[in-house]
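First up is the structure itself, then whatever we jot down about it.
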Amino acid sequence: MSRHFVHCALLVVAASALGAVGPAIAHDVQAVVEDGPPRRVTLAYGDGEPFAYEAYELRAQGAPAEASPVQAGRTSETGGVVIDPRVSDVVALRLRAFSADGHGIDLLLPAVNARPAAAAPIALTAAPTAGDRLARGAAGVAAIAALYGLWFARRRRRARARSAQD
């Protein structure tokens, strides 16, 4: 195999790994909680695109997994979830919303009466953040490069051993 072919193959692998990081960063889900007579949570991807028509569930905080959700449905066209005030005023809730491709958010919403009222909406982001995902992507590329380096060093050592025998 020529050296040029191996280097081109490495570049293709690295580019595809970096290409996978871009969409992951764009799919961070962020939430903005707006307090009001009906409490509203607006969900959006990291690039600002609404988290539209995706399934969500609201459960009481600490409720067992087999308990039925307090409220369930799909987000609106703008990524909004309107929470029944009779529930959100009294008990802390856990909002879970996930898209078909697996991206989503698991968010704890304290009871409205359990915290002081805020003048501005509270902006919350889901973990992992875009920086975490970028770091994972970079670690993946570094692991691929390390494997390539080990393979190349072994191949070179074998070639030297063969030339010494000849």
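Any value given below was found using the heavy atoms of this structure, including those in side chains, with hydrogens, waters and symmetry copies removed.
- For T75 (side chain) and F51 (main-chain N/O), a donor-acceptor pair under 3.5 Å exists by modelled atom type.
- Atom CG of residue L109 and atom CD1 of residue I83 lie 5.0 Å apart, to the nearest 0.5 angstrom.
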>> Apply side chain to side chain contact (heavy atoms under 4.5 Å, CB included) to residues Y53 and E77 and explain how you reach the verdict.
In response: CA-CA 6 Å; Y53 306 114; E77 181 179 358; 3.3 Å; yes
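- D35 and R39 get closest at one heavy-atom pair: OD1-NE, 3.1 Å.
- At a threshold of 4.5 Å between non-hydrogen side-chain atoms, the residues V32 and R40 do not count as touching.
- In this structure, the side-chain hydrogen bond (donor to acceptor under 3.5 Å, both in side chains) partners of S76, at least two apart in sequence or on a different chain, are T78.
- Every pair passing side chain to side chain donor-acceptor pair (under 3.5 Å) that includes a residue from residues 60-71 is listed here, sequence neighbours excluded: Y56-Q71, Q61-R94.
- R59 CZ to R96 CZ: the interatomic distance, rounded to the nearest 0.5 Å, is 8.0 Å.
- Between R156 atom CZ and W151 atom CH2 the span is 13.0 Å, to the nearest 0.5 Å.
- In the hydrophobic clustering of this structure, V70 groups with L95; members are Ile, Leu, Val, Met, Phe, Trp, Tyr whose side-chain heavy atoms approach within less than 4.5 Å, directly or through other members.
- Judged as a side-chain hydrogen bond (donor to acceptor under 3.5 Å, both in side chains), and not counting sequence neighbours, the contacts of R86 are D84.
- Closest approach of E54 and Y45 over heavy atoms only: OE2-OH, 4.2 Å.
- Closest heavy-atom contact between P38 and P85: CA-CG, 4.3 Å.
- Between P50 and G79, the shortest heavy-atom contact is CB-N, 4.1 Å.
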